[in-house]
Structures are given as structure tokens and as C-alpha cells.
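When a ligand or atom number is given, it counts from 1 through the structure's own listing order.
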Amino acid sequence: MATELKNLSSFDHDSIPDGKGKKIGIVVSDWNKNITGSLLKGTYDTLVKFGVDAEDIIIEHVPGSFELTYGAKVLIENTDVDSVIILGCVIQGETPHFTFVCNSVTEGTTELNLKYNVPVVFGLLTTNTLDQAIARSGGRHGNKGDEAAVTALKMIELQQRYK
Ligand SMILES: Nc1c(NC[C@H](O)[C@H](O)[C@H](O)CO)[nH]c(=O)[nH]c1=O
Ligand SMILES: CC(=O)[C@@H](O)COP(=O)(O)O
């Protein structure tokens with residue numbers, strides 16, 4: 001796998017735009033809370049590390065990953081966030097439910113990005129095992145939450161360059 005060859009949290013720090021004055025929404029799923037809590041910490045800490053003020057970060061929890069896109073829509077339509085980051089962890093079970101949840105969040109995130117002029121960042125882990133999720137939420141492959149935070153700052157910079 002591509003991720004096997006890299007750490008999700010290794011960045012060229014000089015290439016990360018300044019987060020000062022940027023307003024970020026984070027919608028996080030409570031399913032697999034031990035994993036999503038680590039994703040949230042990685043996202044929050046990375047945003048603050050690159051200059052986002054704590055008071056400019058809105059955090060909302062939803063029951064499961066299926067609800068992430070609705071949560072993002074609520075923040076986009078009711079706040080002045082510059083970007084929304086969705087965080088969740090979907091782990092394959094015995095049935096095809098995994099596929100339906102993952103596809104819904106993927107397609108819903110794309111739909112939000114195309115409908116609104118607010119970058120929505122896809123911070124969803126879709127793993128076969130708990131171990132793979134642990135490895136990507138602060139483990140041996142870094143933290144997808146860190147990656148999502150950096151992505152949000154880069155997409156805001158792109159969006160604002162063309163305003
Ligand atoms: N199995 C996982 C779920 N399932 C719950 C759905 O996301 C949703 O909340 C439910 O179908 C009600 O609408 N959610 C995850 O985030 N991760 C899973 O592994
Ligand atoms: C992704 C899911 O919804 C999954 O964890 C549920 O497990 P199962 O497919 O065994 O019902």
C-alpha cells in the first residue's frame with residue numbers, strides 16, 4: 001500500500017500556509033472513539049502548530065461516519081468557517097455495511113466540495129482491521145488527522161488566491 005511507504009505526518013513545514021485568522025470546523029464521529037479521538041488530537045494540534053487560534057476552531061461530534069457530511073453541511077450553512085474537516089474511522093465488519101458507509105461519506109464529501117465554496121477535507125480512515133486504524137491515527141504510519149489539518153490550510157490558501 002502507498003501508505004506503507006510513507007508517514008502521513010511528514011510535511012515540508014515551509015510549504016504550509018499560515019493558519020492565523022483562519023476559521024476551521026471539525027466534524028468528528030464517535031464510532032471507534034479511541035481512534036477518532038486520536039485523529040481529532042492530531043488535527044487540532046497541527047492546526048494550532050501552524051497558527052490557527054483555538055477560538056477559531058469549531059468542533060462538533062456526530063454518532064457515526066455516515067452523519068459526518070450532514071454535520072459538515074450544518075457548519076458550512078450556519079457559520080463562517082473557511083474549511084471543514086471530517087474525521088471518522090470505518091472498520092470492515094462481516095457485512096457489506098462498511099462499503100455503503102464509506103461510499104456515502106466519500107460521495108457526500110465530494111458533493112459538498114462541489115456545491116459550496118468551502119473546502120471539505122476527507123479525514124476518514126477506511127480500514128480492514130483495528131490495527132491498520134491504530135497505525136494511521138498516531139501510530140507507525142503517522143496521523144491522518146495531521147494530514148487533514150495541513151490539507152485544510154493548503155486548500156484555504158488556494159481558494160483565497162482565486163477569490
Ligand atoms: N460500523 C461503523 C459505523 N456505523 C454507523 C454509521 O456510520 C451510522 O452512524 C449508522 O448507520 C446510523 O446512521 N460508523 C463508523 O463511523 N464506523 C464504523 O466502523
Ligand atoms: C462499517 C460497519 O458498519 C461495520 O463495522 C459493522 O459491522 P458488521 O458489518 O459486522 O455488521
Side-chain angles (χ1 to χ4, degrees), residues 1-11 22-49 52 54 56-79 81-116 118-156:
M1 288 294 291
T3 308
E4 292 288 342
L5 306 175
K6 70 171 187 175
N7 184 311
L8 297 172
S9 308
S10 57
F11 307 104
K22 304 298 187 292
K23 296 182 179 177
I24 311 288
I26 303 173
V27 183
V28 56
S29 158
D30 287 336
W31 253 80
N32 298 312
K33 198 175 183 68
N34 55 324
I35 300 295
T36 61
S38 298
L39 294 174
L40 177 60
K41 183 178 189 315
T43 300
Y44 184 90
D45 290 351
T46 302
L47 289 172
V48 170
K49 177 180 174 181
V52 178
D56 287 334
I57 300 174
I58 300 171
I59 300 173
E60 289 293 345
H61 291 256
V62 294
S65 291
F66 187 88
E67 286 76 38
L68 288 169
T69 48
Y70 179 77
K73 178 179 179 283
V74 168
L75 291 187
I76 292 168
E77 294 184 344
N78 296 285
T79 74
V81 289
D82 296 303
S83 177
V84 176
I85 297 166
I86 64 164
L87 299 172
C89 175
V90 191
I91 300 175
Q92 178 68 60
E94 296 175 356
T95 73
H97 196 239
F98 169 89
T99 302
F100 291 105
V101 172
C102 294
N103 287 348
S104 170
V105 180
T106 306
E107 291 161 13
T109 302
T110 300
E111 195 176 320
L112 290 170
N113 274 295
L114 298 178
K115 180 175 181 179
Y116 297 103
V118 175
V120 180
V121 177
F122 186 71
L124 187 75
L125 286 178
T126 56
T127 67
N128 296 311
T129 65
L130 177 59
D131 177 64
Q132 288 175 348
I134 292 168
R136 292 159 177 80
S137 56
R140 65 185 181 277
H141 292 313
N143 191 321
K144 189 170 278 291
D146 299 15
E147 180 190 2
V150 167
T151 299
L153 294 176
K154 288 184 173 183
M155 292 310 291
I156 291 168

Margin query: Under a 4.0 angstrom heavy-atom cut-off, which atoms of ligand 2 come close to G93?
Written below: 7 (O), 8 (P), 9 (O), 10 (O)
Notebook entry, point to check: Just wondering, do Y44 and I57 contact through their side chains at under 4.5 Å, heavy atoms?
Noted result: yes
Margin query: Tell me whether ligand 2 is touched by I91 - counting only heavy atoms on the residue side and a distance under 4.0 Å.
Written below: yes
Check: Can you list the ligand 1 atoms lying under 4.0 Å from a non-hydrogen atom of I91?
Finding: 19 (O)
Next item on the list: Decide whether an N or O pair under 3.5 Å exists between H97 and ligand 2.
Entry: yes
Next item on the list: State whether the shortest distance between N or O atoms of T95 and N or O atoms of ligand 2 falls below 3.5 angstrom.
Entry: yes
Margin query: Show the nearest heavy-atom pair for residues T109 and V105, with the distance to one decimal.
Written below: OG1-O, 2.7 Å
Next item on the list: Please name the pair of heavy atoms, one in A152 and one in S83, separated by the smallest distance, quoted to 0.1 Å.
Entry: CB-OG, 3.6 Å
Check: Which bit of S65 gets closer than 4.0 Å to ligand 1, counting heavy atoms only: side chain, backbone, both or neither?
Finding: both
Check: With distance as the sole test, does S65 use its side chain to make a donor-acceptor pair with the main-chain N or O of G88 at under 3.5 Å?
Finding: no
Notebook entry, point to check: Does a side-chain heavy-atom distance below 4.5 Å link T151 with F122?
Noted result: no
Notebook entry, point to check: Of all the atoms in ligand 2, which lie at a distance below 4.0 Å from a heavy atom belonging to V90?
Noted result: 1 (C)
Next item on the list: Below 4.0 angstrom from a heavy atom of F98, which ligand 2 atoms are there? Numbered from 1 as shown, please.
Entry: 1 (C)
Next item on the list: Examine ligand 1 and decide if any of its atoms is less than 4.0 Å from a heavy atom belonging to G88.
Entry: no
Margin query: Would C89 count as a polar contact of ligand 1, with the cut-off being nitrogen or oxygen pairs under 3.5 Å?
Written below: yes
Next item on the list: Give the numbers and elements of all ligand 1 atoms closer than 4.0 Å to a heavy atom of S29.
Entry: 16 (O)
Item checked: Contact summary for M155 and P119, nearest pair of heavy atoms -> CB-CB, 3.7 Å
Margin query: Quick test: of every protein heavy atom, which one is nearest to atom 6 (C) of ligand 1, and how far off is it to 0.1 Å?
Written below: F66 CB, 3.9 Å
Check: To which protein heavy atom is atom 10 (O) of ligand 2 closest, and what is the distance rounded to 0.1 Å?
Finding: E94 N, 2.7 Å
Check: Can you tell if the side chain of V27 reaches within under 4.5 Å of the side chain of V84, non-hydrogen atoms only?
Finding: yes
Margin query: Which option wins on minimum heavy-atom distance to atom 3 (C) of ligand 1: F100, F98, W31, Y70?
Written below: W31
Margin query: A quick test of your reading: do over 12 heavy atoms of other residues, nucleotides or ligands sit less than 6.0 Å from CZ of F100?
Written below: no
Next item on the list: Could you check if a side-chain atom of L87 sits within less than 4.5 angstrom of a side-chain atom of T43, using non-hydrogen atoms only?
Entry: yes
Margin query: Give the atom numbers and elements of ligand 1 that come within less than 4.0 Å of a heavy atom of E67.
Written below: 8 (C), 9 (O), 12 (C), 13 (O)
Notebook entry, point to check: Salt bridge or not for R140 and D131, using N-O below 4.0 Å?
Noted result: yes
Next item on the list: State the atoms of ligand 1, each with its element, that fall below the 4.0 Å cut-off from a heavy-atom position in N32.
Entry: 17 (N), 18 (C), 19 (O)
